[in-house]
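Comments concern the structure below.
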2 protein chains.
Amino acid sequence: MGIADRKERDKEELRERILAAAKFLFLEKGIDKTSIRNIADHIEYSPGIIYHYFKDKNEIFHALHQLGFLQLMEKMQVLGSVRNPLERLKAMGSIYIDFAMENPDMYDLMFIKEAPIDHVCNTEHDHWKEGGGAFNSLRSTIADCINAGHFKGHEQEALTFLIWSTVHGMVSLHIRKRCEVVLPESQQTIVKDGLEEFFKILDKL
Amino acid sequence: MGIADRKERDKEELRERILAAAKFLFLEKGIDKTSIRNIADHIEYSPGIIYHYFKDKNEIFHALHQLGFLQLMEKMQVLGSVRNPLERLKAMGSIYIDFAMENPDMYDLMFIKEAPIDHVCNTEHDHWKEGGGAFNSLRSTIADCINAGHFKGHEQEALTFLIWSTVHGMVSLHIRKRCEVVLPESQQTIVKDGLEEFFKILDKL
DNA sequence: AAAATTAATTAAACGGTGTTTAATAAAGCA
DNA sequence: TGCTTTATTAAACACCGTTTAATTAATTTT
């Protein structure tokens with residue numbers, strides 16, 4: 001059965017090469033400039049081959065967005081050393097925003113673009129497990145905050161969504177270039193400044 | 001000079017017809033399904049004619065997004081009758097979110113999509129005046145709140161951005177279908193519930 | 001080893017996109 | 001009327017995602 005195994009590996013290898021090329025081009029020139037034909041060119045295969053390894057373009061970008069979640073989770077590892085739940089929540093916010101600002105195209109793919117989420121909707125696995133996992137971390141951190149006496153009078157699920165929305169709102173306005181409405185002198189630092197205001201608010205809750 | 005005037009009017013009229021067709025198709029089937037050829041078909045002209053009235057597709061969608069801002073400003077008119085600045089701020093939030101939920105495609109175009117903002121960047125008028133105007137309204141309402149003794153210890157510009165980000169975050173996560181991570185029983189009402197949590201927070205500030 | 005079968009890969013096409021160009025039709029003016 | 005300007009279009013260009021049928025390569029069977 002060694003032959004079948006090797007063929008399996010070969011097949012897997014080309015799949016990985018397609019994905020690597022997609023990632024390279026995507027990080028290099030953005031998602032819109034990354035076409036099936038570009039990817040095929042880059043690995044020196046014909047465009048058609050890609051459809052033997054991926055159902056369609058969305059599936060490729062869904063796979064790429066999974067890598068983004070791994071990357072984000074990696075960055076979140078340091079949270080293990082933050083005992084105070086409120087401090088942990090704030091640190092989560094900082095890491096989240098840093099990730100978005102350092103990897104805007106990846107963040108865009110994960111939380112703004114239609115492509116990967118459409119793939120989730122249009123296939124069997126009708127749940128966005130990557131996003132669900134990340135949201136769970138946030139939810140449990142906020143649960144810890146509540147158990148520690150914070151956020152009295154607030155409803156956990158809605159508050160969790162609100163807090164996520166706040167940081168997502170800031171970075172997505174920045175990524176989609178809606179931040180030029182703020183005063184010129186504040187423009188460069190507005191996301192960082194906004195986060196600081198947010199921390200002040202969290203302290204008061 | 002009557003002839004020149006009439007030609008002017010005719011030219012303006014076709015421009016309006018193109019815009020009306022673009023709007024119709026855009027509201028009917030979304031922006032991605034609205035192609036130059038679709039628009040041309042709809043007004044029974046050839047595709048080429050559109051380029052005598054608009055520089056490119058982005059210019060059309062920029063014009064459309066302007067209509068969206070008019071619509072939003074219209075909805076904001078009722079704020080004139082809300083004297084209490086904090087109540088006015090909350091009402092602004094409600095109206096903003098209602099607008100986004102009732103006109104998701106238009107909101108998408110105004111605050112999420114790349115198209116219209118790219119047009120702003122790639123032409124002479126290097127300022128996003130529609131967004132700037134809306135942000136000004138928010139800024140001055142928040143200034144009124146500060147003058148009325150709210151939001152002590154907060155910096156106005158960053159807080160304004162933060163508050164905008166919060167509501168934008170909620171609706172943009174909803175529009176871009178990232179809300180399925182919340183508990184199923186909360187899913188239908190999560191944006192409304194999140195806004196209520198936000199109001200509780202504003203009351204505490 | 002040769003033939004038959006299966007798998008991997010590609011060339012070509014389909015129907016779409018935004019945009020540009022050169023030719024045509026229409027309108028206004030002399 | 002003919003001349004000039006304007007409005008409009010047909011056709012092409014260079015892309016796009018995707019599917020099909022044909023081709024090449026590899027494997028199995030005879």
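Chain letters run A, B, ... following the sequence lines, proteins first, then strands; residues in each count from 1. Fair warning: this is a prediction, and the values are worked out from it, not measured in the lab.
- Counting only heavy atoms from C-beta outward, the side chains of A:Leu86 and A:Asp203 approach each other to under 4.5 Å.
- When the P atom of D:dG17 is taken as reference, atom CG of A:Asp118 falls 15 Å away, rounded to whole Å.
- Atom C1' of nucleotide C:dT10 and atom CG of A:Leu14 are separated by 13 Å, given to the nearest angstrom.
- As a whole-Å value, the separation of A:Glu12 CD from C:dA8 C1' is 16 Å.
- Taking a 6.0 Å sphere around CD of B:Glu185, one finds it holds more than 12 heavy atoms contributed by other residues, nucleotides or ligands.
- Note on A:Asp98 versus A:Lys75: no salt bridge recorded, every NZ/NE/NH1/NH2 to OD/OE distance being 4.0 Å or above.
- Open room surrounds NE2 on B:His174; 12 or fewer heavy atoms of other groups in view lie less than 6.0 Å from it.
- Rounded to an integer number of Å, the gap from NE2 of A:His52 to C1' of C:dA8 is 7 Å.
- In this entry the distance linking OH of A:Tyr53 with P of D:dT18 reads 18 Å, nearest Å.
- Between B:Ile50 atom CD1 and D:dT8 atom C1' the separation is 12 Å, expressed in whole Å.
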Atom pairs and distances, side-chain donor-acceptor, residues 18-31 of chain B, under 3.5 Å, sequence neighbours left out:
none

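- In summary, B:Lys192 and B:Glu196 engage in a salt bridge, as defined by a charged side-chain N under 4.0 Å from a carboxylate O.
- Of the residues in residues 29-48 of chain B, those with a non-hydrogen atom less than 4.0 angstrom from any atom of DNA chain D are B:Arg37, B:Tyr45, B:Ser46, B:Gly48.
- Remark: P of D:dG17 and CZ of A:Phe61 are 8 Å apart, rounded to the nearest angstrom.
- If you measure from atom CD1 of A:Ile49 to atom P of D:dT18, you get 15 Å, rounded to the nearest angstrom.
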